[in-house]
Amino acid sequence: MKKLAIFLGLLALLLSLAPLAGAQDGVETLCLVTDLGRVNDGTFNQFAHEGALQAADEFDLEYRWIETQAETDYEANIQTCIDEGFEVIITVGFLIADATNAAAAANPDVHFLGVDQFVMGGPTNYVGIQFREDQSGFLAGVLAAQVAASVGSDTVAGVYGIDIPPVKKFRNGFEQGARYINPDMNLLGVYIDNFVAPDRGASAAEQFIGEGASVIFGAGGPTGTGGILAAAQQGIYVIGVDQDEYVTSFGGGETPGSEYIISSAIKRVDQGVYDMVAALAHGDAESFPGGGIYLMDVALNGVGLAEKHDADIDDAFFAMADEVAAMMIAGTVSTGVDPVSGDLAMDDMMDAQADAMAMGVETVCLVTDLGRVNDGTFNQSAHEGAVAAADEYDLEYTFIETQAETDYEANINTCIDEGFEVIVTVGFLIADATYAAAEANPDVYFLGVDQFVMDGPSNYVGIQFREDQSGFMTGVLAAFVAEWQGSDMIAGVYGIDIPPVKRFRNGYEQGARHVNADLNILGVYIDSFVAPDRGASAALQFIGEGATVLFGGGGPTGTGAIRAGALEGVYVIGVDKDEWLTSFGAGETPGSEFIISSAMKRVDQGVFDMVAMLAEGDLSDFPGGGIFMMDAAMNGVGLAPPHESDIPQEVWDKVDAVNARLIAGEIETGVNLISGDLLE
């Protein structure tokens, strides 16, 4: 477990040290691309424009902007800024994030600032400007509780959009702020699964008014706005979100009910844009968090409350909010909300949970991905790990074999309904259903095989694997086998270039070059995981070019490649599980004598380790809300046995010697553990 902590610590350090490309001399030109809308529309577009304009005036920068008319124009508008030679490009809103990320990757000499965009491990010339919505929500709650008290009420409410992290931060911050003023405050609230359903927002607001709410907070795009417009028109005090909704949603006082909007929990986009442009204009690399986020909080004037405008409420309420904000800056008041996930920092719940776990869990239920517990895939490996733990710790154990993807949720709920304390789910396709079940059932533990969890529910762990190490071991094997054959060429056929696949490929190539720096390595990504015919075609092409060992890393696509290669009498290596057993029918499939190994993820070991920890009641190293990273030193990744292949023992001895050094930490793969890219 200490290795996991070290890994996560190193990851945080690496991200924090991301370099700033070319800002040392200061930039001179600046271009802004709006989200749908204009630079005077009162939304983030206008605030970003105002921040850019302020920086341009102060630092004498050339500045222009492009107003986007349709989402399909994002890429073209960004490209216009690039083609015209602008050094800094600002894009507004989360919808334009993908286009911004792609442009940043393709143009490393241009700096990109993405308003309300989340960047983690991205291009080092790209920064996402994010906000502490929990702090802004907290201040709105402080204000709402005081206003409620002034009208003799103890009930406030919130109408929220989809429960994604920013919305959860607003909601939990709002409720924590209200309880800061009145611990007995009655809090009503609802998430609505659509950001553009103002009629549903209005309906929710009316229901809350009927239940006695005297102040309503709307945080969910047009859905939340529908709620506060309906409430204000009934004479109920309301609070907007993101921008000053008195100006936007209430038409600067022209919309009926505008005297009842008392404030908005705003994100100061203008300040965030100004700060980042100023850093670039000064050539201040240390203040530019390339490849990450610039998190705007109260201390940076990044979040706060809009003025009351027409509302007839006491200025003392705002003075109290200002005092609370000052205490936030001083560190004497905390929102109690996780600034990434938006979940409450539930220390009391976790303490109770730890007490309940002191005796350890006694029941485990496994839900397969499509397939059975004897199908030779991750399903079987996870089942074997669960069986081993159940036997060793005398646990009640059962499993459910999934027949269709539509059954994921129902199968998980069957385990929950039957009272199982630990639920193991297999594969990334079931991850969304697992995450939702973990959130809804905080007293049940969830272990997700091959699922990536970051800042998730504290009772949910994703079991992940160091594919780069497994790939490295495979490359070492391939290089020594090629050497034994008198060859200088190996190859790989891969699926879509998502991070796990990139980790396999780059690990494989790094391992091979560790053995022979001059080795000729061929490889291709194929944009489908279920195209065995295309995998086979790529394999035959590489064999024609002289490849003598072929690695397949991409589901059925990679399997198609190694089957075709083996039928040609070329040595091949599988991936994830022991493909001699699965793809080559344990020796029954033609060419099985040519599969020399597979780059394995030891799912059985990962499941056993996590279940064992819970059975022993040892939560001190339980990585709740994160990942359990299985590496070579933990027997988490490695090579499958050679089975029928005729590779001589002296080759395996050389492979074992190199891999022993990798396991001992004497050799690094040179591959980024998150993105799968090569480290520079």
Let me see the working for Y408 and D432 under side-chain contact (heavy atoms from CB on, under 4.5 Å), right down to the final yes or no.
-> CA-CA 9 Å; Y408 288 147; D432 288 346; over 6 Å; no
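No donor-acceptor distance shorter than 3.5 angstrom exists from the side chain of D116 to the backbone of F94, with no hydrogens or angles considered. Distance alone, capped at 3.5 Å, is enough to place a donor-acceptor pair between the T557 side chain and the S528 backbone. The closest donor-acceptor contact from the side chain of T402 to the backbone of T368 lies under 3.5 Å. The closest donor-acceptor contact from the side chain of T474 to the backbone of S470 lies under 3.5 Å. Not a single donor-acceptor pair under 3.5 Å links the side chain of Q464 to the backbone N or O of M630. A donor-acceptor distance shorter than 3.5 angstrom exists from the side chain of N506 to the backbone of G676, with no hydrogens or angles considered. For the pair E401 (side chain) and V373 (backbone), a donor-acceptor distance under 3.5 Å is present. No donor-acceptor pair closer than 3.5 Å links the side chain of N125 to the backbone N or O of G290. Side-chain atoms of S598 come within 3.5 Å of backbone atoms of E579 as a donor-acceptor pair (strictly under, hydrogens ignored).
Here D604 does not pair with R602 in a salt bridge; the nearest charged N to carboxylate O distance is not below 4.0 Å. Checked for salt-bridge contact, E509 and R505 meet the test: a charged N lies under 4.0 Å from a carboxylate O.
Considering only residues two or more places apart in sequence or on other chains, Y525 meets the ring-ring contact (aromatic ring centres under 6.0 Å, His included) condition with Y494. With sequence neighbours excluded, no residue forms a ring-ring contact (aromatic ring centres under 6.0 Å, His included) with Y294.
Atom-to-atom distance recorded for T91:OG1 and N77:CG is 11.0 Å, nearest 0.5 angstrom.
Applying the salt bridge (charged side-chain N to carboxylate O under 4.0 Å, His left out) rule to pairs touching residues 511-539 yields D527-R534, sequence neighbours excluded.
When all heavy atoms of G565 and L550 are compared, the pair lying nearest together is CA-CD2, 4.4 Å. The shortest heavy-atom contact between G606 and F628 is O-CE2, 4.0 Å. Shown here for M489 and N520, the closest heavy-atom pair between the two residues is CE-ND2, 2.8 Å. Considering every non-hydrogen atom in both I89 and I78, the closest pair reads CD1-O, 4.0 Å. Shown here for A389 and F608, the closest heavy-atom pair between the two residues is N-CD1, 3.5 Å.
Taking the six-membered ring where tryptophan is involved, the planes of F622 and Y445 are perpendicular, since the angle between them exceeds 60° and thus also 30°. Between F112 and Y126, the ring planes are perpendicular. Angles over 60° get that label, and only those under 30° would be called parallel. Ring geometry for H514 versus F472: interplanar angle of 30 to 60°, hence tilted.
Side-chain polar atoms of E644 and W580 form a donor-acceptor pair below 3.5 angstrom.
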